[in-house]
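Below is one structure, written out as structure tokens, with a few remarks after it.
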Amino acid sequence: MSELNGIIDDFYGIDGQLTADEIQIRDAVRRFVDQEVRPHAGAWWQEGVFPTHLIPKLGELGVFGPTLPEEYGGSGATGTAYGLMMQELERGDSGLRSFASVQSGLSMYAIYRYGSEEQKRRYLPAMARGEIIGCFGLTEPDAGSDPGAMRTTAKKSGAGYRINGAKRWITNGNLAQIAVVWAKDDEGTIRGFIIPTDTPGFSAREIHTKASMRMSVTSELYFDNVEVGEEALLPQSRGLGSPLGCLTQARFGIAFGAVGAALDCLREARDYAQTRIAFGRPIARTQLVQERIVDMLSRTVAMQLRALQLGKLYDGGVLRYPQVSLAKRDNARGALEVARMAREILGGNGISVDYAPMRHMANLETVDTYEGTYEVHTLIIGREILGENAF
Ligand code: TGC
Ligand code: FAD
């Protein structure tokens, strides 16, 4: 069976394109997820709990900020290695990958890219170890696809700023010790702030009504005259391009993560088809089921190749954000389609969280939407290739 797993996981021999380090990093995360996550993921998802006891172990595995320099807690890993880590986490559950994406690609990257030297030294190594958890507040109740319409303000006040407003749908909101928050200053320019979540006037309320991403903590954040000093400002942040630069990092990870969810669905559908008997034979011996599984494989291979090339562009330092948009758009949607097909192959059992596809499918509805919806990425790419802004 393990040889067959190899065929499913790497039909196009992509491992041959990876370095020994990248394979080692990926396999370490895969072992961790197989042992510590997959056996429990259905129960955690159903109960709506995030496994906080895994956070220190994830830190030890190096999944938080791996591409950062060692002085800031990273391991100088390649972008491809980071992507493969996200792939393996999402094989377990999209909520687990989300936790890591928000910690690394959004919160740590914001501090690394736009923070002062003091902010980087104060926060990044502890965040890499998982001792400080971050969240990233961009979306608001009335500003999601169009974050430039945000209403949260940071008014100059004495030696610092007074922040007022609200953010919605914020991953890790109730787990975080610090929130990276985007707000408009007195000139209406978007700036980033690091706000410790125990600052008076800051509150977080968890959203408990989700039928997707149930293993992830998602919150509303409120800022009621939150006073912060100048040291809270990310000094290099200026304009909408700053938060969007962070999104590029996280979207890159999502393009790989979606591959992990698809691979988990594909493998489960294959195993089920080989053992489920209908009309006196395994359903794998029927042409329609074979076609369905081959369709799943075909979509997954396309996603893998897209992610691999994205990693090469990242590591070559030539990656452009519309390329990331194409991969996020099509890999999230592709994984969703694969999960739906796997759900069908499992018949009635497919709707149970005793099996992975329905859980992945429900999660992937979020993945298809957050970090820019399918439509938003279509318009980003459309603008790139047609030269017309259709937003
Ligand atoms: P637009 O004119 O396109 O851009 C304003 C400035 O930003 C630059 N830019 C980018 N820079 C880096 N990376 C990107 N991806 C960038 N996209 C745009 C752009 O060049 C421009 O720079 P400059 O110097 O010319 O000013 O802005 P617009 O107002 O037309 O808006 C369109 C846009 C890009 C905002 C929209 O397409 C978009 O991306 N909306 C989606 C918002 C979104 O993705 N939100 C995600 C919130 S975080 C989240 O969901 C976390 S989920 C948890 C998890 O990951 O697990
Ligand atoms: P809207 O912008 O209201 O869009 C509604 C619909 O209209 C969509 O189908 C959209 O594609 C479509 N639409 C909008 N504009 C156009 C247009 N011009 N042309 C065509 N169609 C259009 N945000 C954060 O900041 N931090 C987080 O950590 C975070 N985590 C999240 C976790 C979860 C579980 C979820 C569900 C969301 C999270 N988000 C987070 C928010 C997420 O990024 C937004 O939900 C997403 O960007 C879409 O915004 P919206 O929900 O306001 O939808």
Side-chain angles (χ1 to χ4, degrees), residues 48 50 86 89-90 93-107 109-110 113-114 133-150 152 166-176 179-182 189-190 192 204 206-221 237-258 319-329 332-333 362-384 388-391:
F50 179 79
M86 298 302 114
L89 293 180
E90 194 145 358
D93 192 89
S94 302
L96 187 67
R97 197 270 308 137
S98 253
F99 178 87
S101 288
V102 169
Q103 177 79 348
S104 296
L106 295 180
S107 309
Y109 182 80
R113 177 72 181 76
Y114 307 112
I133 302 305
C135 67
F136 183 91
L138 179 64
T139 305
E140 300 191 352
D142 296 315
S145 297
D146 180 16
M150 72 172 65
T152 299
K167 300 287 174 181
R168 184 163 165 80
W169 297 117
I170 306 307
T171 303
N172 299 350
N174 278 78
L175 292 176
V180 172
V181 173
W182 301 93
T189 303
I190 293 174
E206 190 169 349
I207 300 171
H208 287 292
T209 50
K210 290 177 299 170
S212 168
M213 286 288 181
R214 291 188 49 77
M215 210 177 107
S216 172
V217 171
T218 316
S219 310
E220 293 175 320
L221 308 183
S237 67
R238 188 170 292 278
L240 185 57
S242 298
L244 293 176
C246 305
L247 297 187
T248 297
Q249 300 294 312
R251 290 167 178 173
F252 173 87
I254 289 174
F256 278 85
L319 183 64
R320 292 179 304 109
Y321 71 78
Q323 294 169 327
V324 179
S325 281
L326 187 72
K328 191 279 175 184
R329 171 188 184 266
R333 186 58 62 93
N363 288 339
L364 288 161
E365 290 289 349
T366 286
V367 179
D368 196 57
T369 286
Y370 69 16
E371 293 276 3
T373 65
Y374 185 87
E375 293 77 24
V376 160
H377 289 295
T378 302
L379 298 181
I380 291 172
I381 303 157
R383 184 169 63 183
E384 171 78 359
E388 298 285 355
N389 187 350
F391 277 104

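Residue numbers start at 1 and run along the sequence shown. For ligands, and for the atoms within them, numbers begin at 1 and follow the listed sequence.
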Exercise for the section: Begin from the C-alpha positions of S107 and Q103 and carry the test side-chain hydrogen bond (donor to acceptor under 3.5 Å, both in side chains) through to its verdict. Expected result: CA-CA 5 Å; S107 309; Q103 177 79 348; 5.2 Å; no

I'd like a table of the close N/O pairs between ligand 1 and the protein (anything under 3.5 Å), one pair per line with both atom names and the distance.
{"residue": "ligand 1", "atom": "3 (O)", "partner": "R383", "partner atom": "NH1", "Å": "3.2"}
{"residue": "ligand 1", "atom": "3 (O)", "partner": "R383", "partner atom": "NH2", "Å": "2.7"}
{"residue": "ligand 1", "atom": "13 (N)", "partner": "L244", "partner atom": "O", "Å": "3.2"}
{"residue": "ligand 1", "atom": "13 (N)", "partner": "T248", "partner atom": "OG1", "Å": "2.9"}
{"residue": "ligand 1", "atom": "15 (N)", "partner": "T248", "partner atom": "OG1", "Å": "3.0"}
{"residue": "ligand 1", "atom": "39 (O)", "partner": "R251", "partner atom": "NH2", "Å": "3.1"}
{"residue": "ligand 1", "atom": "40 (N)", "partner": "S145", "partner atom": "O", "Å": "2.8"}
{"residue": "ligand 1", "atom": "44 (O)", "partner": "R251", "partner atom": "NH2", "Å": "2.7"}
{"residue": "ligand 1", "atom": "44 (O)", "partner": "G372", "partner atom": "N", "Å": "2.8"}
{"residue": "ligand 1", "atom": "50 (O)", "partner": "E371", "partner atom": "N", "Å": "3.0"}
{"residue": "ligand 1", "atom": "55 (O)", "partner": "E371", "partner atom": "OE2", "Å": "2.7"}
{"residue": "ligand 1", "atom": "56 (O)", "partner": "R97", "partner atom": "NH1", "Å": "3.4"}
{"residue": "ligand 1", "atom": "56 (O)", "partner": "S98", "partner atom": "OG", "Å": "2.7"}
{"residue": "ligand 1", "atom": "56 (O)", "partner": "Y370", "partner atom": "OH", "Å": "3.0"}

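If you number the atoms of ligand 2 from 1 as listed, the ones under 4.0 Å from a heavy atom of E371 come out as 43 (O). The contact set between ligand 2 and Y370, taken as ligand atoms under 4.0 Å from a residue heavy atom, comprises 31 (C), 32 (C), 33 (C), 37 (C), 38 (C), 42 (C), 43 (O). Close contacts of ligand 2 with I170, meaning ligand atoms under 4.0 Å from a residue heavy atom, involve 24 (C), 25 (O), 26 (N), 27 (C), 28 (O). Per-residue contacts place F136 under 4.0 angstrom from the following atoms of ligand 2 (heavy atoms of the residue considered): 24 (C), 25 (O), 26 (N), 27 (C), 28 (O). Close contacts of ligand 2 with L138, meaning ligand atoms under 4.0 Å from a residue heavy atom, involve 25 (O). Residue T373 approaches ligand 2 through these ligand atoms, each under 4.0 Å from one of its heavy atoms: 10 (C), 11 (O), 48 (C).
Listed by chain and number, the residues in a side chain to side chain donor-acceptor pair (under 3.5 Å) with Y374 are R329 (sequence neighbours excluded). Here T369 pairs with nothing under the side chain to side chain donor-acceptor pair (under 3.5 Å) rule; sequence neighbours left out. For the side chain to side chain donor-acceptor pair (under 3.5 Å) test, residues two or more places apart in sequence or in another chain that qualify with S101 are R97.
Nearest non-hydrogen protein atom to atom 45 (O) of ligand 2 is T369 CG2, 4.1 Å. The protein non-hydrogen atom at the shortest distance from atom 50 (P) of ligand 2 is G144 CA, 3.9 Å. For atom 53 (O) of ligand 2, the nearest protein heavy atom (residue, atom name, distance) is S145 OG, 4.2 Å. Looking only at protein heavy atoms, the nearest one to atom 31 (C) of ligand 2 is W169 O, 2.9 Å. Residue, atom and distance of the protein heavy atom nearest to atom 24 (C) of ligand 2 are T139 OG1, 3.3 Å.
Side chain to side chain, S219 and N174 meet the donor-acceptor criterion of an N or O pair below 3.5 Å.
Not a single N or O atom of T218, backbone or side chain, sits closer than 3.5 Å to an N or O atom of ligand 2. Among the atoms of E375, some N or O lies under 3.5 angstrom from an N or O of ligand 2.
No more than 12 heavy atoms of other residues, nucleotides or ligands shown are found within 6.0 angstrom of CZ on R113.
Taking the six-membered ring where tryptophan is involved, the planes of F50 and F99 are essentially parallel, since the angle between them stays under 30° and well short of 60°.
Ligand 2 lies less than 4.0 angstrom from a heavy atom belonging to L379.
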